[in-house]
J.: 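One structure, pasted below without further comment.
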There are 2 protein chains.
Amino acid sequence: MPLFLSTHVNKVDKKGRVSVPSGFRAALADQSFQGVVLFRSNNHECLEGFAYSYMEELGERLDNFDLFSSEQDDLATAIFADAVQLPLDGDGRVILPEGLAEFALLDGRAAFVGLGQKFQIWNPDKLEKRRNNARKAVRSNALTVPKGNGGAS
Amino acid sequence: MPLFLSTHVNKVDKKGRVSVPSGFRAALADQSFQGVVLFRSNNHECLEGFAYSYMEELGERLDNFDLFSSEQDDLATAIFADAVQLPLDGDGRVILPEGLAEFALLDGRAAFVGLGQKFQIWNPDKLEKRRNNARKAVRSNALTVPKGNGGAS
DNA sequence: TGGATATATATGGAATACCATGGAAAATTA
DNA sequence: TAATTTTCCATGGTATTCCATATATATCCA
């Protein structure tokens, strides 16, 4: 299973083009759709990115909510309605839609942050704070990665 | 299952290259990805190293958290965002990214410390102190190795 | 047992390939 | 035709590969 790992900062040119880090492209290699899916994060001022195949899995998970529950509706709206599907060009770049770039406060540089199954795109300056907060949270809440299905509620 | 054992001190050249001890390489032999994954330790001024397969396992475990929960987000950020995936070159070396070398205070030499499933990379001088402390802790707390699935919560 | 040879490992430097990036050309749309 | 989007190509920088040498470890034979 390919994972999104590490952090890479790339430039956004005036046409909104950004190189997807080559390591991330490798994680997308054997997909039917050559590209990424992006949408606004619910928790931070950043973008969330997935492989297309993972979106399908997301759909299945949402099925675990009651079909007409407001939670299901809210989540589906937040995720699917807002998502954009961006193809890679011949040189491994995508074009960030203006609205998304604005939302994530991306001026000229974009930090691709690998989070395993997904990744995020941050303004490099904002990211630094976020990182420190995450580390702090892990330490102070004594968060650990559960064995087996330990995290299931 | 790969086991990392013993301690080896190797040189870091000016390009940041270090030979991974051959014993460690043997532990990585039958892996899909020929290389190691490194990130900053949360507890010490050293680096932690894993086989790629271990990261895959971590990824699966993290999947057990709700996808957009802050716990999932914090853990993934703390673990995956900081991690780097380093391939072995033809001679069994990796190149240490500058940021990581700096964090672990590695100037020209790196001590690879086998810890079973994982290993650490230390500044050889700092390691000596750490070792004494660890031995002391084991003695005074009468620490022992749990048997079977002792680690399960 | 000692010495010599062979094997494996570690290390340094040079050649090569890859990737990110900027700009221009071609194609598409209005 | 003008404006936009998409594809293509050129370049500089960086990372990866290749080769050559030194050091240590193991093997073999006398």
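Heavy atoms only: backbone and side chains are in, while hydrogens, waters and symmetry mates are out. Each chain gets a letter, A, B and so on, in the order its sequence line appears, and its residues count up from 1.
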J.: Taking A/Asn43's backbone N and O only, do any of them form a donor-acceptor pair with A/Ser41's side chain (distance below 3.5 Å, no angle check)?
T.: yes
J.: How many whole angstroms separate atom CG of B/Leu96 from atom P of D/dA15?
T.: 13 Å
J.: Counting only side-chain N and O atoms of B/Ser22, is one of them less than 4.0 Å from OP1 or OP2 of C/dT9?
T.: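 B/Ser22 to C/dT9 OP1/OP2: side-chain N or O found under 4.0 Å.
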J.: Would you indicate what B/Lys15 reaches in the nucleic acid, counting non-hydrogen atoms under 4.0 angstrom: base, sugar-phosphate, or nothing?
T.: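 Touches a base.
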J.: Do you know the tightest heavy-atom contact between A/Asn10 and A/Val20?
T.: ND2-C, 4.4 Å
J.: For the base of D/dC19, is there a side-chain donor-acceptor partner from B/Asp91 under 3.5 Å away?
T.: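 By the distance-only test, yes, there is a pair.
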J.: What's the CZ-P distance between B/Phe112 and C/dA10, to the nearest Å?
T.: 10 Å
J.: State plainly whether the residues B/Asp73 and A/Arg130 are in salt-bridge range, i.e. N to O under 4.0 Å.
T.: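 Salt bridge between B/Asp73 and A/Arg130, a charged N being under 4.0 Å from a carboxylate O: yes.
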J.: Less than 4.0 angstrom between a side-chain N/O of A/Arg25 and OP1 or OP2 of C/dC18, yes or no?
T.: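 For C/dC18, neither OP1 nor OP2 has a side-chain N or O of A/Arg25 closer than 4.0 Å.
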J.: Under 4.0 Å, heavy atoms only, any strand: does B/Val20 hit a base, just the sugar-phosphate, or nothing?
T.: sugar-phosphate
J.: Measure from CG on B/Asp89 to C1' on D/dT14 and round the result to the nearest Å.
T.: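 The distance from CG of B/Asp89 to C1' of D/dT14 comes to 16 Å, rounded to the nearest Å.
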J.: Any salt bridge between B/Arg93 and B/Asp91, counting N to O under 4.0 Å?
T.: yes
J.: Using the side-chain heavy atoms of B/Arg93, tell me which of these nucleotides is nearest: C/dG23, C/dA20, C/dG12.
T.: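 Between C/dG23, C/dA20, C/dG12, the one nearest the side chain of B/Arg93 would be C/dG12.
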J.: Which of the following nucleotides, C/dT11, C/dG23, D/dT17, is nearest to the side chain of B/Arg17?
T.: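 In terms of side-chain proximity for B/Arg17, the closest of C/dT11, C/dG23, D/dT17 is D/dT17.
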J.: Is A/Arg135 paired with B/Asp82 through a side-chain N to carboxylate O contact shorter than 4.0 Å?
T.: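 Yes, B/Asp82 and A/Arg135 are salt-bridged.
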J.: Do A/Asp89 and A/Val94 have side-chain heavy atoms sitting under 4.5 Å apart?
T.: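 No, too far: nothing below the 4.5 Å cut-off.
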J.: Could you give the NE2-to-P distance, from B/His8 to C/dT9, as a whole number of Å?
T.: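 After rounding, the reported distance stands at 11 Å.
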J.: Closer to the 5' end of DNA chain C via nearest nucleotide, is it A/Gly92 or B/Ser19?
T.: B/Ser19
J.: Rounded to 10°, tell me the angle between the two end axes of the helix from C/dT1-D/dA30 to C/dA30-D/dT1, each built from five pairs.
T.: 40°
J.: Check whether any side-chain nitrogen or oxygen of B/Lys14 sits under 4.0 Å from OP1 or OP2 of C/dG13, and answer yes or no.
T.: yes
J.: Calculate the interatomic distance between B/Asp13 atom CG and D/dA20 atom C1'; express it in whole Å.
T.: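 Whole-Å distance recorded here is 15 Å.
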J.: Okay, side chain of A/Glu48, backbone of A/Val37: is any donor-acceptor separation there less than 3.5 Å?
T.: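 Looks like no, no N/O pair under 3.5 Å.
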J.: CG of B/Leu88 versus P of D/dA15: gap in Å, rounded?
T.: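 Nearest whole value for this atom pair: 17 Å.
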J.: What integer distance in Å separates B/Ile95:CD1 from C/dT11:P?
T.: 16 Å
J.: Whole angstroms only, please: what is the NZ-P distance between B/Lys11 and D/dT21?
T.: 18 Å
